[in-house]
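Working notes, structure below.
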Protein chains: 2
Amino acid sequence: MPKVTDAHRAARRGQILQAAWKCFARKGFHATSMADVIGEAGLSAGAVYLYFRSKDEIIVAVAGQVFAGIEDRLLTFLAGDPPPSPADIAEFLIRQPLRAHADAPAELYPLLLSVWAEAARNPAVNGVARSVLEELRTVLARALRRWAEVGHSLPASPEQLAPVLMSLVQGLVMQQAITGQPTVEDYRTGVRALFETAD
Amino acid sequence: MPKVTDAHRAARRGQILQAAWKCFARKGFHATSMADVIGEAGLSAGAVYLYFRSKDEIIVAVAGQVFAGIEDRLLTFLAGDPPPSPADIAEFLIRQPLRAHADAPAELYPLLLSVWAEAARNPAVNGVARSVLEELRTVLARALRRWAEVGHSLPASPEQLAPVLMSLVQGLVMQQAITGQPTVEDYRTGVRALFETAD
DNA sequence: GTCTATATCCGGATAGAC
DNA sequence: GTCTATCCGGATATAGAC
């Protein structure tokens, strides 16, 4: 296996995934046909099936990309000194989805909804989503504990607050995707106020 | 049109919707075939298509049922005297989905996720979901305002806090559907503590 | 009103030429 | 490695008998 081939393979895979991402963002997983992906990628059916065994495999890969990087960015943020306050953490979380995927913001939220819904049914997608959510929960709890250890008070245990922090993002995404409301800025203000009176 | 016919029609429609609900809860909208619904209802294809013109029409009807009643129950709760506190409202919201559909709790959360994801794509479903979410937002804002007018303080404006309250349910549903965590009780405790320190 | 049988279409995946 | 052409299965919706 010469080097060229590996690079080539990676490039092709990326090309396909990017095309699939666009299609899935536009129409969702189920309404997207392989023909859509193939057309968007500018390849042929045979070529695509050379890199992915099935549509399901592409879905799982895209779901993975959606979550990719969240943890890393969050970890470096949470490791800051002094430790960020719960309000800071909340604000950071809320801004994450858009920061992570600066392109195609309009279709990002619906895509996230699709991924979550799929994660509730598709075992493979569930695997990646579940591990990310669980990791997120422990990371957030650890950060909250750090904040408490530095002399601040928390309204509840870190383990109980972490899921609440996560809900803030999830709820915003859903409401935005369905009603277009509220704006990130309005939402951020409400959330920050709530946590600041509670620290 | 004799009375019998109307009652009959209503009963049949209900029968079909109940069957569809079960199938959708189990497998989601897209993985459910008309054959599934037809079999579950114990009817024939011809009969089902007599009451619903298409699968899409059934999806919209089920989505409507999922939201049915939420508003009414919430309104009577919020109208209580003395006005419920933000913490009380949050707790009520969190418990709602399970109270509303006491049967089939295990599959309720995934079904909700499916409905939300569908609402982000399917215009008809979006219509019902959007109107419910918007109504919910104004109703909650009004209740928070009432609480403030009775002499309590709020960390932010009612309009900013209402979406945050809604997020609490949505996040719990999603986390439960995907990871099975946290339990309603743990979650409730965290949420209540957060809002009680802030009232 | 209801059922059976089926027309019609479409999507995923493959086979084989180049 | 890549493309074209195609197969097969399954899904929606309908037609027509009873």
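In the text below, chain A, chain B and the rest are named by the order of the sequence lines, each starting its count at 1.
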* Yes or no on salt bridge (Lys or Arg N to Asp or Glu O under 4.0 Å) for B:R145 and B:E149, after CA distance, side-chain angles and deciding distance? -> CA-CA 6 Å; B:R145 188 173 300 282; B:E149 279 166 356; 5.4 Å; no
* **OP1 or OP2 of C:dT2 under 4.0 Å from side-chain N/O of B:R12** => yes
* Asked: Does B:H8 make a side-chain N or O approach to OP1 or OP2 of C:dT2 shorter than 4.0 Å?
  -> yes
* Using a heavy-atom cut-off of under 4.0 Å over every strand shown, decide if B:Y51 touches base, sugar-phosphate, or nothing. => sugar-phosphate
Nearest-nucleotide pick for [X], side chain only, options being [options]:
X	options	result
B:L50	C:dG11, C:dT2, D:dA5	C:dT2
A:A47	D:dT2, C:dC3, D:dT12	D:dT2
B:S33	D:dA11, D:dA13, D:dA5	D:dA11
A:S54	C:dG1, C:dT4, C:dA13	C:dA13

How long is the line joining [atom1] of [X] and [atom2] of [N], in whole Å?
X	N	atom1	atom2	value
B:F52	C:dG1	CZ	P	15 Å
B:H30	D:dT12	NE2	P	12 Å
A:Y49	D:dT6	OH	P	18 Å
B:I38	C:dA5	CD1	P	14 Å
B:K55	D:dG10	NZ	P	15 Å
B:L43	C:dT4	CG	P	11 Å
B:M34	D:dA13	CE	P	7 Å

* **5'-most by nearest nucleotide on DNA chain C - A:A35 or A:G46** => A:A35
* Asked: With a 3.5 Å cut-off and no angle check, do the side chains of B:Q96 and B:R99 form a donor-acceptor pair?
  -> no
* **Distance-only side-chain donor-acceptor flag, B:T183 / B:R188, under 3.5 Å** => no
* To do: Starting from the C-alpha separation in whole Å, work towards a yes-or-no answer on salt bridge (Lys or Arg N to Asp or Glu O under 4.0 Å) for A:R95 and A:E185.
  => CA-CA 9 Å; A:R95 294 193 192 281; A:E185 279 314 308; 3.1 Å; yes
* **side-chain hydrogen bond (donor to acceptor under 3.5 Å, both in side chains) between B:R26 and B:T32, worked out** => CA-CA 9 Å; B:R26 268 199 294 267; B:T32 297; over 6 Å; no
